[in-house]
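All remarks here apply to the structure that follows.
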Amino acid sequence: MTMTILHAPKLIAAISALLSLTGCNEHVIYHSYRHVPGSGWSRRDTLTFDIDTVRAEATYQFELGLRSTDSYPYTVIWLAVEREFSHPDTLRRDTVKCQLMDPVTHRMGKGIYMYQYDVPVPPMALYRGQTGQVRIIHLMQREVLPGIHDVGVLICR
């Protein structure tokens, strides 16, 4: 037991170092969530994320974050993602499928009451000095979707 306690700080440091090497945390240029009203996400409600000045030219990775509860009635959600940047003017529209449950209706997200899903969006080249917006709407047939709590955008190099 004494041996384990003595090595615990080293083990924690090693795991932390390993985790910092994965993902794109050190190169995040934007990460934000928008709350969806408790009454549900209306098809007319566009979630808008304003992106400040890009500091370095690169191909950036984009990821959507989605938080839902058990009151979301479907196994997937289809989203329209529009990314618009200026100087030079660039517009990209993508349709993204977020698989929330497997065929046996087990939640695929992380969580107990609220489930977190992270869904990649195709990468995009951005240029130094650009500013922009990411806009997201749902493409489901139902006018108002219950159970979607937050939607977020992560951009990193």
Query raised in the report: Is Arg157 reaching over with its side chain to a backbone N or O of Ile29, donor-acceptor style, under 3.5 angstrom?
Result: no
Query raised in the report: Can you tell me if His138 uses its side chain to pair, donor with acceptor, with the backbone of Trp41 under 3.5 Å?
Result: yes
Measuring from atom [atom1] of [X] to atom [atom2] of [Y], what distance do you get when rounded to the nearest 0.5 angstrom?
{"X": "Leu66", "Y": "Tyr115", "atom1": "CG", "atom2": "OH", "value": "13.5 Å"}
{"X": "Ile77", "Y": "Ile148", "atom1": "CD1", "atom2": "CD1", "value": "4.0 Å"}
{"X": "Leu64", "Y": "Leu79", "atom1": "CG", "atom2": "CG", "value": "6.5 Å"}
{"X": "Cys156", "Y": "Gln61", "atom1": "SG", "atom2": "CD", "value": "6.0 Å"}
{"X": "Asp150", "Y": "Arg67", "atom1": "CG", "atom2": "CZ", "value": "5.0 Å"}
{"X": "Ser86", "Y": "Gln130", "atom1": "OG", "atom2": "CD", "value": "6.5 Å"}

Query raised in the report: Quick one: do Arg128 and Glu57 make a salt bridge, cutoff under 4.0 Å?
Result: no
Are [X] and [Y] connected, step by step, through hydrophobic side chains (Ile, Leu, Val, Met, Phe, Trp, Tyr) whose heavy atoms are closer than 4.5 Å?
{"X": "Val36", "Y": "Val76", "answer": "yes"}
{"X": "Tyr33", "Y": "Met114", "answer": "no"}
{"X": "Phe62", "Y": "Tyr127", "answer": "no"}

Work out which heavy atom in [X] is nearest to a heavy atom in [Y]; give both atom names and the distance.
{"X": "Pro122", "Y": "Arg92", "answer": "CB-NH2, 3.0 Å"}
{"X": "Tyr60", "Y": "Ile155", "answer": "CB-CG2, 3.9 Å"}
{"X": "Pro146", "Y": "Ser71", "answer": "CG-O, 3.8 Å"}
{"X": "Asp118", "Y": "Gly65", "answer": "OD1-CA, 4.0 Å"}
{"X": "Leu100", "Y": "Tyr117", "answer": "O-OH, 3.1 Å"}

Report task. Would you tell me whether Arg55 and Thr53 have side-chain atoms, one donor and one acceptor, within less than 3.5 Å of each other? Result -> no
**Report entry** Neighbour count above 12 (heavy atom, 6.0 Å) for His87 NE2
**Finding:** no
**Report entry** Derivation and outcome, side-chain contact (heavy atoms from CB on, under 4.5 Å), residues Thr90 and Met124
**Finding:** CA-CA 10 Å; Thr90 309; Met124 184 174 176; 3.4 Å; yes
Query raised in the report: Can you tell if the side chain of Val151 reaches within under 4.5 Å of the side chain of Arg34, non-hydrogen atoms only?
Result: no
Requested in this report: Only one of Val96, Thr95, Val119, Leu47 passes side-chain contact (heavy atoms from CB on, under 4.5 Å) with Val81; say which it is.
Outcome: Val96
Requested in this report: With side-chain contact (heavy atoms from CB on, under 4.5 Å) as the test, would you mind laying out the steps for Leu126 and Ile51 before giving the verdict?
Outcome: CA-CA 11 Å; Leu126 298 178; Ile51 313 302; 5.9 Å; no
Report task. For Ser42, check side-chain contact (heavy atoms from CB on, under 4.5 Å) against everything at least two apart and list the hits. Result -> Arg44, Asp45, Glu143, Val144
Query - Set of side-chain contact (heavy atoms from CB on, under 4.5 Å) partners for Thr48, sequence neighbours left out - result: Thr46, Asp50, Gln133, Arg135
Query raised in the report: What do the steps show when you test Tyr72 against Tyr74 for ring-ring contact (aromatic ring centres under 6.0 Å, His included), and what is the final call?
Result: CA-CA 6 Å; Tyr72 183 74; Tyr74 305 109; 5.7 Å; yes
Query raised in the report: Can you check side-chain contact (heavy atoms from CB on, under 4.5 Å) on Tyr30 and Val134, steps first, answer last?
Result: CA-CA 11 Å; Tyr30 185 83; Val134 177; over 6 Å; no
